[in-house]
Structures are given as structure tokens and as C-alpha cells.
Amino acid sequence: MAEIFLETHFPHQKSYNGIQFPSVLSPDPKTPLSLSRFTQAIKTQKVFLDSLLHKSGAVLLRGFPVSTASDFNDVVEAFGFEELPYVGGAAPRTSVVGRVFTANESPPDQKIPFHHEMAQVPEFPSKLFFFCEVEPGSEGETPIVLSHVVYERMKERYPEFVERLEEHGLLYTRVLGEDDDPSSPIGRGWKSTFLTTDKRVAEQRAAKLDMKLEWVGDAAKTIMGPIAAVKYDKTRQRKIWFNSMVAAYTGWEDARNDPVKAVTFGDGKPLPADIIYDCLKILEEECVAFPWRKGDVLLLDNLAVLHSRRSFNPPRRILASLCK
């Protein structure tokens with residue numbers, strides 16, 4: 001199936017130990033390609049695609065015949081990964097078709113800081129897909145960065161801080177309104193967070209996530225942790241910077257939430273602001289940010305890669321799907 005998947009390059013890639021990040025696959029321009037032939041190729045070349053994802057951490061599929069949300073859903077299904085329902089996440093999203101929903105719907109002028117998807121809850125996706133249905137008017141990239149590189153740089157620069165993180169983990173606190181607040185990057189209300197309108201059911205679902213839930217009028221205060229901030233990636237045999245520390249500290253802000261209080265050490269002590277902002281600099285230095293093109297499908301290994309979103313000028317429509 002070599003005529004279907006050609007490894008290509010673009011100027012935004014970085015190289016780590018001779019491995020391109022992300023890997024980029026495009027079809028042979030001489031080979032006519034339909035959506036059904038593309039999805040069949042995914043199924044027959046699954047071993048190759050899985051190994052490429054494991055090696056690089058991110059695979060960009062560019063130039064394939066994927067035009068609509070339904071096409072994207074077919075591509076996700078072809079990979080055969082089990083679906084992970086979006087329970088416990090913070091972002092406002094809308095279901096589109098099948099396993100596909102919108103990426104974070106917060107306003108275009110807002111940045112979404114670097115994070116591993118759902119790193120603040122015990123059950124998180126192992127993989128996630130993004131699809132560019134409508135190219136951004138300008139900007140609007142989804143920068144990605146290798147987690148182990150961030151860990152190594154932080155360990156080298158702040159060994160005592162990283163040691164404390166590894167010992168105590170992190171505590172995340174968030175106040176959720178009853179309904180979604182589309183003006184906030186963390187504006188998912190408790191009803192859609194827990195997929196229920198019943199407070200008792202919400203409490204049960206929070207408990208399953210090992211999350212403490214306190215009612216403040218019609219709002220819900222959730223406390224998660226202490227939860228590990230650094231994990232060990234067994235399949236790659238390396239430590240990873242698996243947390244939402246920078247995202248929470250710099251971005252969990254709205255009418256109900258103060259970002260400085262949103263995340264602390266696991267023992268409740270405050271985090272040092274200067275180190276958080278230096279970590280943000282490291283993330284920016286190491287990231288790859290490429291302009292989206294219509295039809296792009298980006299597959300990320302959530303254990304290897306953090307992602308973010310830059311502000312943009314509309315239009316822009318990026319869709320997503322999460323896998324166990």
C-alpha cells in the first residue's frame with residue numbers, strides 16, 4: 001500500500017534523534033484516491049500507521065479526500081480505536097456526527113494553553129484526532145510538543161521543583177456553572193460535564209472519576225487530586241510531563257475561576273509563578289505549529305504529545321475525536 005501513504009516533509013517539522021516530529025503522510029499524486037480507498041488503506045496498513053505514531057508521537061495526514069465531518073468520522077472508525085466519551089473534560093464542545101465533536105469552542109481571541117487531553121482526570125484518551133473542516137482565516141494553529149522533551153528540560157532547569165511535583169502531584173480545582181458558558185475556555189457546565197441534569201447522578205459520576213464535588217448553589221465545585229504530574233511512558237521507557245499545570249495556571253480563568261487557585265501542589269501549597277511561566281516558554285520553544293489546511297487529519301498520541309490552540313481570525317472549524 002506504499003502507493004497510498006508517502007512520507008513527506010514540510011518546513012515546520014522538528015527532528016529529535018533523527019525522528020521527524022510530526023510525521024507527515026500524503027497520497028501519491030499519480031494515484032487516484034477515493035475516501036473508501038483511503039479508509040481501506042488505513043485498515044490494511046494499521047501496523048505501519050501504529051508504528052509511525054509510536055515512533056513520532058504525531059502523524060499528520062495531508063492531501064487525502066476528507067471533506068466533511070462524516071468523512072472524518074469514517075477515517076476515525078477505520079483506525080479501529082475504541083471511543084472515549086468526553087466525561088470530566090472542561091472544554092465547551094458540541095457533538096457533530098458519530099464519534100466527532102467540535103474542538104474547544106471558546107472565543108477566537110483566546111489562546112488555549114498547552115495540555116495533555118484530560119490530564120486532570122484519571123481516565124484520559126490514549127489518542128486523539130483533529131480534523132480541519134474549515135481553514136482558519138489566519139493564525140489558529142494547534143501547536144504540538146513532545147512531552148518527554150519538556151520533562152527533560154524542566155528536570156535540568158528546576159530539579160527541586162520537579163522532585164516536589166513527582167512527590168506530591170497536583171490538585172486541580174474548578175467551579176462549573178449549571179449550563180455551558182461559551183465565552184470561557186473552561187466553560188463546560190456540570191450538566192454537560194457529567195452528561196446528566198440530575199445532581200445525584202453528577203455526584204456518582206464525579207465519584208467514579210475520584211473527583212470531590214461540592215454544590216455552591218446551582219454551581220458545582222470540583223476538586224481533583226492529588227493526581228500525578230509526571231508519568232512513566234512504559235512503551236517508550238521515558239518520563240513524560242503529563243499534566244494540565246500550565247493550562248490551569250495561565251488559562252482557567254472566567255467569572256467563577258481564579259487560575260492561580262485552580263492548580264496547586266498536591267499538598268495544597270501554591271505553585272511558583274516564575275517557574276510556571278518559564279515552563280510555558282519551554283513549551284513554546286519546543287513546539288511545532290503548522291498552518292491548518294482543509295482536509296488535514298492530525299492523529300496525536302496523548303501520552304507523548306501536549307497540544308494547544310492559538311488565537312485566530314474566523315472562520316475556523318476544527319473537529320475532534322477521542323479514543324481509549
Original post:
How far apart are the closest heavy atoms of L171 and P226, and which atoms are they?
Top reply: CD1-N, 3.6 Å

**OP:** Look at the side-chain heavy atoms of Ile, Leu, Val, Met, Phe, Trp and Tyr, link any pair under 4.5 Å apart, and say whether F81 and V97 land in one connected group.
**Re:** yes

Original post:
Linking I/L/V/M/F/W/Y whenever their side-chain heavy atoms sit closer than 4.5 Å, directly or via other members, would L209 and Y172 fall into one cluster?
Top reply: yes

Subject >> Donor-acceptor contact below 3.5 Å, side chain S34 vs main chain R37 >> reply: yes

Original post:
Where the side chain of N302 meets the backbone of E117, is there a donor-acceptor pair that is under 3.5 Å apart?
Top reply: yes

Original post:
Between OG1 of T8 and CG of L25, what distance do you get to the nearest 0.5 Å?
Top reply: 7.0 Å

Subject >> Steps toward side-chain contact (heavy atoms from CB on, under 4.5 Å) verdict (V96, R317) >> reply: CA-CA 12 Å; V96 178; R317 187 164 156 97; 3.7 Å; yes

Subject >> Check: F129 main-chain N/O paired with S321 side-chain donor or acceptor under 3.5 Å >> reply: no

Original post:
In terms of heavy-atom contacts, does NZ of K212 have more than 12 from other residues, nucleotides or ligands at under 6.0 Å?
Top reply: no

**OP:** With side-chain contact (heavy atoms from CB on, under 4.5 Å) as the test, would you mind laying out the steps for I4 and Q45 before giving the verdict?
**Re:** CA-CA 10 Å; I4 295 285; Q45 290 294 293; over 6 Å; no

Subject >> Within 6.0 Å of CZ in R293, more than 12 heavy atoms from elsewhere >> reply: no

**OP:** Verify, without hydrogens or angle tests, whether R205 (side chain) and L195 (backbone) share a donor-acceptor contact under 3.5 angstrom.
**Re:** yes

Original post:
Just wondering, do E139 and S311 contact through their side chains at under 4.5 Å, heavy atoms?
Top reply: yes

Original post:
So do the side chains of L170 and Y249 get within less than 4.5 Å of each other, counting heavy atoms only?
Top reply: no

Original post:
Quick one: does T173's side chain get under 4.5 Å of W252's, heavy atoms only?
Top reply: no

Original post:
So which of E152, H116, K231 actually passes side-chain hydrogen bond (donor to acceptor under 3.5 Å, both in side chains) with S147?
Top reply: H116

Subject >> Shortest non-hydrogen contact from N257 toward V175 >> reply: OD1-N, 2.7 Å

Subject >> For the student: nearest non-hydrogen atoms of K324 and E123, plus distance >> reply: CE-OE2, 4.0 Å

Original post:
Is the shortest heavy-atom distance from the side chain of H148 to the side chain of D233 under 4.5 Å?
Top reply: no

**OP:** With the side chain counted from C-beta on, respond yes when V75 and L35 share a heavy-atom pair under 4.5 Å apart, and no when they do not.
**Re:** yes

**OP:** Quick one: do Y16 and E286 satisfy side-chain contact (heavy atoms from CB on, under 4.5 Å)? Show the steps, please.
**Re:** CA-CA 11 Å; Y16 292 94; E286 296 291 348; 2.8 Å; yes

**OP:** Please say whether more than 12 non-hydrogen atoms of neighbouring residues, nucleotides or ligands are located less than 6.0 Å from NZ in K294.
**Re:** yes

**OP:** Look at K199 together with D218 and state whether they make a salt bridge at an N to O cut-off of under 4.0 Å.
**Re:** yes

Original post:
Looking at K55, K127, R236, which hits side-chain hydrogen bond (donor to acceptor under 3.5 Å, both in side chains) with D301?
Top reply: R236

**OP:** State the OG-CD distance between S56 and Q13, to the nearest 0.5 angstrom.
**Re:** 8.0 Å

Subject >> pair L165-M245: side-chain heavy atoms closer than 4.5 Å >> reply: yes

Original post:
Mind checking whether I275 and Y277 sit in one hydrophobic cluster, side chains of I, L, V, M, F, W, Y counted as touching below 4.5 Å?
Top reply: yes

Original post:
When rounded to the nearest 0.5 angstrom, what is the spacing between CD in Q110 and CD1 in I112?
Top reply: 8.0 Å

Original post:
Hey, what do you get for CG (L146) to CD1 (I240), rounding to the nearest 0.5 Å?
Top reply: 11.0 Å

Original post:
Considering residues, nucleotides and ligands other than K191, do more than 12 of their heavy atoms fall under 6.0 Å from its NZ?
Top reply: yes

Original post:
Between F10 and H12, how do the two ring planes meet: parallel, tilted or perpendicular, split at 30° and 60°?
Top reply: perpendicular

**OP:** Classify the angle between the aromatic ring planes of W190 and W215 as parallel (below 30°), tilted (30 to 60°) or perpendicular (above 60°).
**Re:** perpendicular

Original post:
Within the distance-only criterion (no hydrogens, no angle test), does the side chain of D296 pair as donor or acceptor with the backbone N or O of R62 below 3.5 angstrom?
Top reply: no

Subject >> Under the ring-ring contact (aromatic ring centres under 6.0 Å, His included) test, residues paired with H307 that sit two or more places apart >> reply: H115, F130

Subject >> Rounded distance [0.5 Å steps], CG in L319 versus CD in E133 >> reply: 5.0 Å

Subject >> Minimum-distance pair of heavy atoms, taken over all atoms of A304 and R238 >> reply: CB-NH2, 4.4 Å

**OP:** Check P122 against D210 and note the closest heavy-atom contact, atom names and distance.
**Re:** CG-OD2, 4.2 Å

Indicate every side-chain donor-acceptor pair of residues 258-274 with a distance under 3.5 Å to a residue at least two apart or in another chain.
| residue | atom | partner | partner atom | Å |
| --- | --- | --- | --- | --- |
| D258 | OD1 | V260 | N | 3.1 |
| D267 | OD1 | K269 | N | 3.1 |

**OP:** Provide the full list of ring pair (Phe, Tyr, Trp, His ring centres under 6.0 Å) pairs with a residue in residues 30-72, sequence neighbours left out, each pair given once.
**Re:** F5-F64, F38-F64, F72-F131

Original post:
Are any of the side-chain heavy atoms of F21 and V288 separated by less than 4.5 Å?
Top reply: yes

Original post:
Given the rule in the side-chain hydrogen bond (donor to acceptor under 3.5 Å, both in side chains) test, do T68 and S70 qualify, once you have shown the distances and angles that lead to the verdict?
Top reply: CA-CA 5 Å; T68 66; S70 181; 4.8 Å; no

Original post:
Looking at NZ of K155 and CD of E163, how far apart are the two atoms once the value is rounded to the nearest 0.5 Å?
Top reply: 6.0 Å

**OP:** Taking all heavy atoms of S184 and all of P107, pick out the closest pair and write down the distance.
**Re:** N-CD, 4.4 Å

Original post:
In terms of side-chain heavy atoms, does S192 have a donor or acceptor partner in D180 at a distance below 3.5 Å?
Top reply: yes

Subject >> Sub-4.5 Å side-chain heavy-atom contact between R310 and P143 >> reply: yes

**OP:** Check whether any side-chain N or O of R309 sits under 3.5 Å from a backbone N or O of S106 as a donor-acceptor pair, and report yes or no.
**Re:** yes

Original post:
After noting the C-alpha distance and the side-chain angles of Y151 and V162, does the key distance pass the side-chain contact (heavy atoms from CB on, under 4.5 Å) rule?
Top reply: CA-CA 9 Å; Y151 172 79; V162 173; 3.7 Å; yes

